[in-house]
*Asks:* 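Let me give you the structure first, and then I'll get to my questions.
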Amino acid sequence: MATMLDLDASVLADHLAEVTDWVANLAGAPQKIADLGSGTGTGTRALAQRFETATIYAVDSAESMLERLGRKMAENGLADRVVQVHADLDNQWPELKELDLIWAASSMHHVANPSKTFADTFGALTPGGMFAVVEMDGFPHYLPENLGFGEPGLETRIRAVIDNRGWNKYPDWEPQLVAAGFEVQQREFTYDYAPDPSVVGPYAHVMLANVRAGLADQLSAEDLATIDALLDQHNPEALINRTDLQLRGGRTVWAARRP
Ligand SMILES: C[S@@+](CC[C@H](N)C(=O)[O-])C[C@H]1O[C@@H](n2cnc3c(N)ncnc32)[C@H](O)[C@@H]1O
């Protein structure tokens with residue numbers, strides 16, 4: 001998961017910048033920011049770089065994620081403005097209040113009781129403060145329809161299995177945010193581009209290796225053989241040797257303001 005999150009940050013940096021631009025336009029100049037479920041710090045870093053004088057509180061229940069985040073912030077010269085907060089949002093809200101901006105990317109569908117977390121978030125914001133909830137619109141697409149071997153449409157079949165498993169499932173958060181007292185705007189951000197193969201190849205490799213490890217029992221023998229060939233670094237058709245990978249996907253963002 002941590003490797004995947006770091007790769008996600010480097011491959012989709014421009015897409016993330018588009019999202020933080022929009023949030024920055026709505027949020028003004030926040031000085032006190034929290035990143036809920038910060039993981040390895042993709043959002044924390046983007047926020048610290050976007051808001052150059054702000055302090056960012058990176059909140060996560062996993063110490064291993066926070067350790068990795070701490071190393072990354074130090075490498076990027078941001079350690080003096082990023083505070084690690086080890087807390088489980090399902091239990092007690094951490095000692096954080098009078099925040100100007102709260103960011104929660106791909107984390108609200110993990111908490112046990114989102115309504116409680118939204119109410120906690122509302123209480124921790126200053127009036128006029130902004131809560132940005134970000135969710136990925138499913139697993140990114142990256143394979144061509146026809147790989148030149150195997151049955152065409154492998155990615156569509158993989159997506160069907162993933163959807164069936166309920167991975168990354170979340171509701172439209174707007175009703176629960178409104179019930180907590182927020183005024184909500186919603187926007188979709190999409191991307192469709194061919195990043196440098198040396199960057200997208202390893203990213204696609206990690207994603208497909210996760211699929212191979214987790215879903216092998218639900219894919220046909222032919223598709224598994226195709227996946228193995230794509231993961232075999234000595235194969236010229238492998239993901240890390242291909243030049244035809246195109247990343248397609250998107251994110252939904254709910255910008256919720258405390259009146
Ligand atoms: C899919 S990751 C997203 C990480 C990061 N926001 C990003 O966009 O790359 C979800 C993160 O939420 C954290 N998380 C899940 N449940 C949590 C909870 N109850 N309290 C605090 N953090 C939680 C996980 O440890 C994980 O780091």
*Asks:* So, S115 and Q176: side-chain donor and acceptor under 3.5 Å apart, yes or no?
*Replies:* yes

*Asks:* Check whether more than 12 heavy atoms from other residues, nucleotides or ligands sit under 6.0 Å from atom NZ of K97, and answer yes or no.
*Replies:* no

*Asks:* Is the closest basic N to carboxylate O distance between D35 and R50 below 4.0 Å?
*Replies:* no

*Asks:* Less than 6.0 Å separating the ring centroids of F131 and F122?
*Replies:* no

*Asks:* Around E52, counting heavy atoms of other residues, nucleotides and ligands shown, do more than 12 lie under 6.0 Å from its CD?
*Replies:* no

*Asks:* Do V200 and I158 belong to the same hydrophobic cluster, where Ile, Leu, Val, Met, Phe, Trp and Tyr are linked whenever their side-chain heavy atoms lie under 4.5 Å apart, directly or via other members?
*Replies:* yes

*Asks:* Group every Ile, Leu, Val, Met, Phe, Trp and Tyr by side-chain heavy-atom contacts under 4.5 Å, then state whether I56 and M73 land in the same group.
*Replies:* yes

*Asks:* Going by atom types only, do Q186 and T252 share a side-chain donor-acceptor pair under 3.5 Å?
*Replies:* no

*Asks:* Which heavy atom of P144 sits nearest a heavy atom of D244, and at what distance?
*Replies:* CG-OD2, 3.4 Å

*Asks:* Would Y170 end up clustered with I162 when hydrophobic side chains under 4.5 Å apart are linked, directly or stepwise?
*Replies:* no

*Asks:* Between R157 and E222 (salt bridge meaning N to carboxylate O under 4.0 Å), is one present in this structure?
*Replies:* no

*Asks:* Using only heavy-atom distances, determine whether the side chains of W173 and E135 contain a donor-acceptor pair under 3.5 Å.
*Replies:* yes

